[in-house]
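Each ligand, and each atom within it, is numbered from 1 in the order the structure gives. Position 1 is the first residue of the sequence; numbering continues from there.
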Amino acid sequence: MSHHPSHLTAAVPRRAVVTGAAGFIGSHLAHALVQAGAVVIGVDRRGPATDPTAAANLSVLQGLPGYMHVTADLLSCAIEPLLVEANAVFHLAGIPGVRPSWGPKFSEYVASNVLATHRVMEATSRMGVPRLVVASSSSVYGPTDGGASIETDRPQPASPYAVTKLAEEQLCLAHSTQAHCPTSVVALRYFTVYGPRQRQDMFTHRALTAALTGRPLRLYGDGHQRRDFTYVDDAVIATVAAATIPTASGVINVGGGSSASLLEVINIANSLSGREIQVHQENPRSGDVLTTRANPGRAHEVLAWRPQIDLHTGMRAHMQALATGSAAYGHSA
Ligand code: NAD
Ligand code: UGA
């Protein structure tokens, strides 16, 4: 299976800016856009020269004439010059973890997820870019009864991280409702994305790494928590569609492919590796919800998008990337 959606069928913006391009989802998105013929400026405060994860994530883009990387902090850099003639801005930069958002790190979440977003939104609007796609999160829904979350549900964020993601999307949407704002905003609520180059703090990466190395896996809680696991190529296809499809501003769930518990993820990792993961159970962590599940209707209706990759297929590709240890797929340590 290919590790990037080279088969993007929707139109792509001619010229795009991807913030957070040195990150997990951003690097896949930038690569897919360039492969499909777009010119992409990637902006990230991590750069390949100084940050090994950024270098690994960006290595697929290295040398591609359609890609330029700008190492800059969106809290302070001049954003407008980067947006000249851009047809779309994809704003994926942010601090992503749920559990570390309690305590002193919260100010970093506010800085990157809210204050930097405010700067990106203002610059995008001032430069007359017609579309901003912003990365929101399934975590804005908070605890549910296990049923599917629909975009019109009242958000009940259960972690400081989720509060900042809700602020981020609503801030952009508030700007877009201003009469003079030339930018329409599509906020994508991604549901637990996995695949090659996934962040090392995330569960699928850790389960597959435990299966490959024999090192123990720390399980927070009993493993019955469920996620609507979304393969990164699927997330990228939805994200590109969100930039080009004519639609009013709003939020859209990008989730699914497989609803599964953590115990099922462990079982798949076991069967793919032929090795039994050693599980160390710990207490559940604050801010985690028991279940996320996307109502997929609006994504289908607006983006003509349905996830294609089931968890077993996606985890096989993710594991292969880790096993080959290719720099292109990040570090497995
Ligand atoms: P990631 O950490 O791999 O990528 C985020 C990137 O943003 C990093 O490279 C980081 O250096 C950059 N960044 C942070 N603050 C910045 C700033 N002030 N200026 C410039 N760059 C900055 O995370 P990811 O998993 O790829 O997530 C991307 C986005 O999607 C995030 O906004 C996250 O909240 C959101 N999201 C991710 C998931 C998921 O499952 N991975 C699910 C829902 C939402
Ligand atoms: C993920 C992303 O990390 C967030 O950036 C994103 O906003 C969120 O999805 C989303 O859908 O919006 P999360 O669902 O917490 O957040 O994903 P993981 O970090 O992979 O954790 C999944 C579950 O595994 C959680 O219950 C967590 O407590 C558990 N876990 C994680 C462990 O048991 N052990 C670990 O070592 C790591």
Side-chain angles (χ1 to χ4, degrees), residues 18-29 42-47 51 53-54 57-58 70-77 79 90-101 108-109 111-117 119-120 133-141 149 157 159 161-162 164-165 168-169 187-195 197-207 209-210 216-232 235 239 253-255 260-263 265-266 279-294 330:
V18 176
T19 75
F24 163 45
I25 305 174
S27 64
H28 281 274
L29 172 66
V43 192
D44 202 297
R45 66 180 178 189
R46 300 191 295 185
D51 186 295
T53 304
N57 286 348
L58 290 167
V70 176
T71 305
D73 194 322
L74 293 162
L75 273 168
S76 52
C77 72
I79 301 174
F90 297 91
H91 179 46
L92 275 65
I95 312 285
V98 175
R99 295 161 293 281
S101 65
E108 291 174 37
Y109 283 77
S112 278
N113 297 356
V114 184
L115 300 177
T117 296
R119 296 190 80 238
V120 169
V133 180
V134 57
S136 184
S137 154
S138 72
S139 64
V140 305
Y141 289 113
S149 298
S159 67
Y161 163 73
T164 65
K165 294 307 283 188
E168 172 170 356
E169 61 165 52
L188 300 178
R189 292 179 175 167
Y190 295 123
F191 284 66
T192 313
V193 183
Y194 72 102
R197 311 202 286 271
Q198 192 193 40
R199 297 188 339 258
Q200 294 173 28
D201 59 292
M202 291 185 70
F203 186 75
T204 312
H205 170 90
R206 290 187 170 175
T209 302
L217 172 69
R218 297 193 301 168
L219 181 64
Y220 308 147
D222 63 8
H224 287 291
Q225 58 268 55
R226 300 184 77 81
R227 294 290 178 271
D228 215 343
F229 289 99
T230 309
Y231 190 64
V232 64
T239 307
N253 288 339
V254 172
S261 69
L262 301 190
L263 295 179
V265 171
I266 291 171
V279 176
H280 288 184
Q281 196 171 323
E282 299 187 1
N283 289 330
R285 295 299 201 258
S286 305
D288 275 344
V289 294
L290 192 52
T291 305
T292 65
R293 194 188 295 274

Which of the numbered atoms in ligand 2 are under 4.0 angstrom from any heavy atom belonging to [X]?
X	answer
S139	12 (O)
S137	7 (O), 10 (C), 12 (O)
L219	33 (O)
Y190	10 (C), 11 (O), 12 (O)

Out of [options], indicate the one that has the non-hydrogen atom closest to [atom].
atom	options	value
atom 10 (C) of ligand 1	T19, D44, L92	D44
atom 7 (O) of ligand 1	G94, G23, S137	G94
atom 44 (C) of ligand 1	S136, A135, P96, A162	S136
atom 42 (C) of ligand 1	Y194, Y190, F229	Y190
atom 22 (C) of ligand 1	G20, G195, A93	A93
atom 5 (O) of ligand 2	G255, G223, A162, P96	P96

Using heavy atoms and a threshold below 4.0 Å, how should the contact between [X] and ligand 1 be classified: side chain, backbone, both, or neither?
X	result
Y161	side chain
Q198	neither
R45	both
L74	both
A54	neither
A72	backbone
K165	side chain

Do [X] and [Y] come close enough that some side-chain heavy atom pair is under 4.5 Å?
X	Y	value
D222	Q281	yes
Y141	T292	no
N57	R46	yes
V98	R285	no
R189	S137	no
P284	Q225	no
L219	L263	yes

Protein heavy atom at shortest distance from [atom]:
atom	value
atom 3 (O) of ligand 1	F24 N, 2.8 Å
atom 19 (O) of ligand 2	R99 NH2, 2.7 Å
atom 1 (C) of ligand 2	M202 CE, 3.7 Å
atom 18 (N) of ligand 1	D73 OD1, 2.9 Å
atom 16 (O) of ligand 2	V98 CG2, 3.9 Å
atom 25 (O) of ligand 1	R199 NH1, 2.9 Å
atom 34 (N) of ligand 2	R218 O, 2.7 Å
atom 14 (O) of ligand 2	R227 NE, 2.7 Å
atom 26 (O) of ligand 2	Q225 NE2, 3.1 Å
atom 17 (O) of ligand 2	T192 CG2, 3.6 Å
atom 15 (N) of ligand 1	S112 OG, 2.9 Å
atom 6 (C) of ligand 2	Y161 OH, 3.7 Å

| message | Suppose I only count heavy atoms of A22 and a 4.0 Å limit; which atoms of ligand 1 are within that range? | response |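 Under 4.0 Å from A22, ligand 1 has these atoms: 9 (O).
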
Under 4.0 Å from one or more heavy atoms of T192, ligand 1 contributes atoms 40 (O)

Report yes if [X] has an N/O atom closer than 3.5 Å to an N/O atom of ligand 2; otherwise report no.
X	answer
L262	no
R199	yes
Y220	yes

Can you find an N/O atom of [X] closer than 3.5 Å to an N/O atom of ligand 1?
X	result
V193	yes
F191	no
I25	yes

* Do the numbers put R227 on top of the ring of F203, so that NZ or CZ is under 6.0 Å from the six-membered ring centre and no more than 45° off the axis? ->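 Here R227 fails the 6.0 Å and 45° test against F203.
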
Next item on the list: Check whether any heavy atom of M202 sits under 4.0 Å from an atom of ligand 1.
Entry: yes

Item checked: From S136 atom OG to E169 atom CD, the distance as rounded to the nearest 0.5 Å ->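 Atom-to-atom, S136:OG and E169:CD are 3.5 Å apart.
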
Taken to the nearest 0.5 Å, the spacing of T239 OG1 from I25 CD1 works out to 7.0 Å

Closest approach of G97 and D201, non-hydrogen atoms and distance?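 Taking G97 first and D201 second, the nearest heavy atoms are CA-OD2, 4.5 Å.
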
For this session: State, without any angle test, whether T164 and N113 hold a side-chain donor-acceptor pair at a distance under 3.5 Å.
Result: yes

* Asked: Has the side chain of T230 got a donor or acceptor atom that lies under 3.5 Å from a matching backbone atom of F191?
  ->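 Checked: pair present.
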
Main-chain N/O of C77 paired to R119 side chain as donor or acceptor, under 3.5 Å
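Yes, because the side chain of R119 sits within donor-acceptor range (under 3.5 Å) of the backbone of C77.
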
Hey, mind stepping through H91 and T19 against side chain to side chain donor-acceptor pair (under 3.5 Å) and telling me if it holds?
CA-CA 5 Å; H91 179 46; T19 75; 2.8 Å; yes

Any R285 heavy atom less than 4.0 Å to ligand 2: no

*Close approach, D288 and ligand 2, non-hydrogen under 4.0 angstrom*: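 The answer is yes, since D288 has a heavy atom less than 4.0 Å from ligand 2.
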
Could you tell me whether Y231 and Y194 have their ring centroids closer than 6.0 angstrom?
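For Y231 and Y194, the ring centres are under 6.0 Å apart.
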
So for F191 against ligand 2, with non-hydrogen atoms under 4.0 Å, the contacting part is backbone

Is T292 touching ligand 2 with its side chain, its backbone, both, or neither, if touching means heavy atoms under 4.0 Å apart?
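None of T292 does.
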
#### Entry: Parallel, tilted or perpendicular: rings of Y109 and Y161 (30°, 60°)
perpendicular

